[in-house]
Amino acid sequence: MMLTMLKGKIHRATVKQAEVDYIGSITIDSELMKAAGILEYEKVQVADVNNGKRLETYVIAGEPGSGMICLNGAAAHYVEVGDKVIIMCYAQVDEHEAARMKPRVVFVDDDNKASRITRYEKHGRLEDLQ
């Protein structure tokens with residue numbers, strides 16, 4: 001049996017741009033992508049903390065260190081600049097790998113700079129990655 005498990009997450013990033021006149025996707029600072037284990041063109045789910053809307057799209061790498069979070073195309077209608085979003089990616093794994101899987105969770109500051117990188121523990125406590 002294959003299970004869909006959380007692989008990586010960027011927690012409460014601030015939307016810096018929303019560009020309707022673009023072909024689609026979400027642009028994410030490539031340093032944040034690397035920290036969360038998200039690859040360019042990988043499918044992600046985006047949850048807007050401000051309005052509760054969720055969407056799925058794919059990732060385009062933004063300039064490293066820019067803090068860029070930009071929803072493009074139709075996805076731009078789901079957010080407002082300044083909204084907080086949670087960006088999640090998932091992996092298909094078998095039951096044995098799922099039991100050992102610990103996602104990378106990147107907490108960011110108001111400028112979308114990584115302030116803490118953690119992993120989830122089974123009992124719900126967050127633990128920093130070394």
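On a predicted model such as this, the values are computed, not experimentally measured, just so you know.
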If you take all heavy atoms of [X] and [Y], which pair is closest and at what distance?
{"X": "Cys89", "Y": "Val44", "value": "CB-CG1, 4.1 Å"}
{"X": "Ala98", "Y": "Leu3", "value": "CB-CD1, 3.9 Å"}
{"X": "Val105", "Y": "His11", "value": "CG1-CB, 4.5 Å"}

Open item on the list: Here's a test for you: under side chain to side chain contact (heavy atoms under 4.5 Å, CB included), which of Ile28, Leu55, Val59 qualifies with Val46?
Closed with: Leu55
Inter-residue atom distance [X].[atom1] - [Y].[atom2], 0.5 Å rounding:
{"X": "Lys9", "Y": "Arg119", "atom1": "NZ", "atom2": "CZ", "result": "15.5 Å"}
{"X": "Leu6", "Y": "Lys102", "atom1": "CG", "atom2": "NZ", "result": "14.0 Å"}
{"X": "Leu32", "Y": "Ile10", "atom1": "CG", "atom2": "CD1", "result": "5.0 Å"}
{"X": "His96", "Y": "Met101", "atom1": "NE2", "atom2": "CE", "result": "15.5 Å"}
{"X": "Gln92", "Y": "Glu97", "atom1": "CD", "atom2": "CD", "result": "11.0 Å"}
{"X": "Arg54", "Y": "Asp48", "atom1": "CZ", "atom2": "CG", "result": "10.5 Å"}

Could you tell me if the side chain of [Y] sits less than 4.5 Å from the side chain of [X], heavy atoms only?
{"X": "Met2", "Y": "Asp94", "answer": "yes"}
{"X": "Tyr22", "Y": "Ile60", "answer": "yes"}
{"X": "Lys7", "Y": "Glu42", "answer": "yes"}
{"X": "Val49", "Y": "Val85", "answer": "no"}
{"X": "Glu63", "Y": "Met68", "answer": "no"}
{"X": "Asp83", "Y": "Thr14", "answer": "no"}
{"X": "Asn112", "Y": "Lys16", "answer": "yes"}
{"X": "Ile86", "Y": "Met88", "answer": "yes"}

TODO: Report yes or no: do Ile23 and Tyr41 belong to one cluster of Ile/Leu/Val/Met/Phe/Trp/Tyr joined by side chain heavy-atom distances under 4.5 Å?
DONE: yes
Open item on the list: Is there a salt bridge (Lys or Arg N to Asp or Glu O under 4.0 Å) between Asp110 and Lys84? Walk through the geometry before answering.
Closed with: CA-CA 9 Å; Asp110 288 336; Lys84 296 291 186 181; 3.1 Å; yes
Taking [X] for its side chain and [Y] for its backbone only, find out whether a donor-acceptor pair lies under 3.5 Å.
{"X": "Asp29", "Y": "Ser66", "answer": "yes"}
{"X": "Arg104", "Y": "Ile117", "answer": "no"}
{"X": "Asp111", "Y": "Lys113", "answer": "no"}

TODO: State, without any angle test, whether Glu40 and Tyr58 hold a side-chain donor-acceptor pair at a distance under 3.5 Å.
DONE: no
Open item on the list: Under the rule for salt bridge (charged side-chain N to carboxylate O under 4.0 Å, His left out), what residues qualify as partners of Lys43, not counting sequence neighbours?
Closed with: Glu56
Open item on the list: Which residues pass the salt bridge (charged side-chain N to carboxylate O under 4.0 Å, His left out) test with Asp109, not counting sequence neighbours?
Closed with: none
Which atom pairs, donor and acceptor, lie under 3.5 Å between side-chain atoms of residues 69-79 and protein residues at least two apart or in another chain?
from  : atom 1 : to    : atom 2 : distance (Å)
Asn72 : ND2    : Ser25 : O      : 3.4
Asn72 : ND2    : Ser25 : OG     : 3.3
Asn72 : ND2    : Thr27 : OG1    : 3.1

